[in-house]
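As a basis for the values below, the full set of heavy atoms in this structure was taken, side chains included, without hydrogen atoms, waters or symmetry mates. First the proteins, then the strands, lettered A, B, ... as listed; each starts at 1.
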2 protein chains.
Amino acid sequence: MKKRSPTSLEYALLGLVHMQPRTGYDLRKIFETTPMGHYSSSPGAIYPALKRLEQQWLIEGEVAAQDTMRPKRIYSATPHGVDILREWVSQAILTEDLLRKDDELMLRFALMGTVVDHNVTRRFLEQMLQALESYIPELEEVLATLSDVGPPHGRLALSSGIEAYKARRRWAQEAIQEFPSAGNRGRKK
Amino acid sequence: MKKRSPTSLEYALLGLVHMQPRTGYDLRKIFETTPMGHYSSSPGAIYPALKRLEQQWLIEGEVAAQDTMRPKRIYSATPHGVDILREWVSQAILTEDLLRKDDELMLRFALMGTVVDHNVTRRFLEQMLQALESYIPELEEVLATLSDVGPPHGRLALSSGIEAYKARRRWAQEAIQEFPSAGNRGRKK
DNA sequence: CCCCCCATGTAACATGTTACATGATTGA
DNA sequence: TCAATCATGTAACATGTTACATGGGGGG
């Protein structure tokens, strides 16, 4: 039996309940009201996803308000769930991930705080920087080859993307300083 | 009969065949090899989507290589398709679109070159700037309220997002100058 | 002659969307 | 008591993913 890997939404839910136990409703509110917000949020997505995670033992729900019907379940991550989450956030970053899995990449970073140490975080940022260093020039080259005739919208859209990646590169260079390498450990501040 | 509106992928296909007639294979290659690349690209997504567009008269396919079996179809946009495309790219931009439909927003910009004049493009950029001016401070406020204890990953991920939006604001301010307003028309360069 | 690229398609499957439904609790 | 918010769920549907299948043509 091949265990197909969780979706982004499922990882997001797993990470959030690991940070702190929550109900399905809590999770929905997070997606509705915070900047985490493009991960769905409709009950038809959340509740089935929680059920799947529970079936795979990645999270477990404790029933509160036991006497009423339609009991409320408070979920938290199981040790196995934490392992799976850690494995996911620790995956190597490929250049193409910047194009095809960009959201997932930042989600991984946002959720890694509670499952890995600063060495893994640092490695993540180093790999992201490497990917950006190889991808940005590639995009600039594409931009340079685009013909000047016709509407500029395509070219402008591409340069918007390039600027976004450059902003991310600056961000990563700043961020990495908060995670000193083994050699420099403890010397910061 | 309610005509449900096309998906992003369908709009992308519609826009691309309007720029220039193409086969399904051409479209797949675009998604595989260019920066337009996170829009799917698998045959199981492209060919059914083209079929749907054809059924709604948004595109039409001309059959080439008529004598062989498995004939190759070259698609182009119908006048009705162009209307629908124009309507879509011209929609008003809401602040929440920045969070929930960001990709779609940039796709709309990239595809609008061949269907609207520079006044509409300018309006698009003005509305995007307005949305950014209202959204960026909102995010900064959220960032300021986040507690300093615990792992910084969440805060850093948020500031990465903020920097991306700021980069987009700079880009939009630059880009808008390529589309002079009615009052300044023709005065540029 | 074989492999790769051109070129199109389908079938099974999982996920997510939209809309609906239920009922408890809290504050005005 | 009325409305809003808390809280969970399901059913129908459309879309997209993965994997498979077919076949022609060109180049080494």
#### Entry: Donor-acceptor pair between A:His18 and A:Ser76 side chains, under 3.5 angstrom
no

### Task
For A:Arg22 and D:dC6, give me the distance from atom CZ to atom P, rounded to whole Å.
15 Å

### Query
How are the rings of A:Tyr11 and A:Trp88 set relative to one another: parallel (under 30°), tilted (30 to 60°) or perpendicular (over 60°)?
parallel

### Task
Locate the shortest heavy-atom distance separating A:Met36 from A:Leu16; write the atom from each residue and the value.
SD-CD2, 4.0 Å

### Query
Are B:Glu32 and A:Arg100 within salt-bridge range, i.e. N to O under 4.0 Å?
no

Strictly under 3.5 Å: I want the nitrogen or oxygen pairs between protein and nucleotides 14-16 of chain C, one per line.
| from | atom 1 | to | atom 2 | distance (Å) |
| --- | --- | --- | --- | --- |
| C:dT15 | OP1 | A:Arg4 | NE | 2.7 |
| C:dT15 | OP1 | A:Arg4 | NH2 | 2.9 |
| C:dG16 | OP2 | A:Arg52 | NH2 | 3.3 |

### Task
Starting at CG of A:Leu50, measure out to CD1 of A:Ile59 and round the result to the nearest 0.5 Å.
4.5 Å

### Query
Would you say C:dG9 has OP1 or OP2 under 4.0 Å from some side-chain N or O of B:Lys51?
no

### Message
What is the distance, to the nearest angstrom, from the CG atom on B:Leu13 to the P atom on C:dT8?
### Response
13 Å

### Query
Rounded to whole angstroms, how far apart are CZ on B:Arg28 and P on D:dT17?
12 Å

### Whole-Å gap separating C1' (C:dG9) and CG (B:Leu50)
12 Å

### Message
Tell me whether B:Glu62 is salt-bridged to B:Arg73, with the criterion being a basic N under 4.0 Å from an acidic carboxylate O.
### Response
no

### Task
Rounded off to whole Å, could you give me the OH-to-P distance for the B:Tyr75 and C:dT8 pair?
8 Å

### Message
With a 4.0 Å cutoff (strictly under), does any side-chain N or O of A:Tyr47 reach OP1 or OP2 of D:dG9?
### Response
no

### Query
Angle class for the B:His153/A:Phe179 ring planes (parallel below 30°, perpendicular above 60°, tilted otherwise)?
tilted

Could you go over nucleotides 3-6 of chain C and give all protein N or O partners under 3.5 Å, atom names and distances?
| from | atom 1 | to | atom 2 | distance (Å) |
| --- | --- | --- | --- | --- |
| C:dC6 | OP2 | B:Tyr25 | OH | 2.6 |
| C:dC6 | O5' | B:Tyr25 | OH | 3.4 |

### Query
Charged N to carboxylate O below 4.0 Å: is that the case for A:Glu96 and A:Lys101?
no

### Summary
Here the distance between atom P of D:dT10 and atom CD1 of A:Ile46, to the nearest Å, is 15 Å

### Query
With under 30° as parallel and over 60° as perpendicular, where do the rings of A:Tyr165 and A:Tyr135 fit, or are they tilted in between?
perpendicular

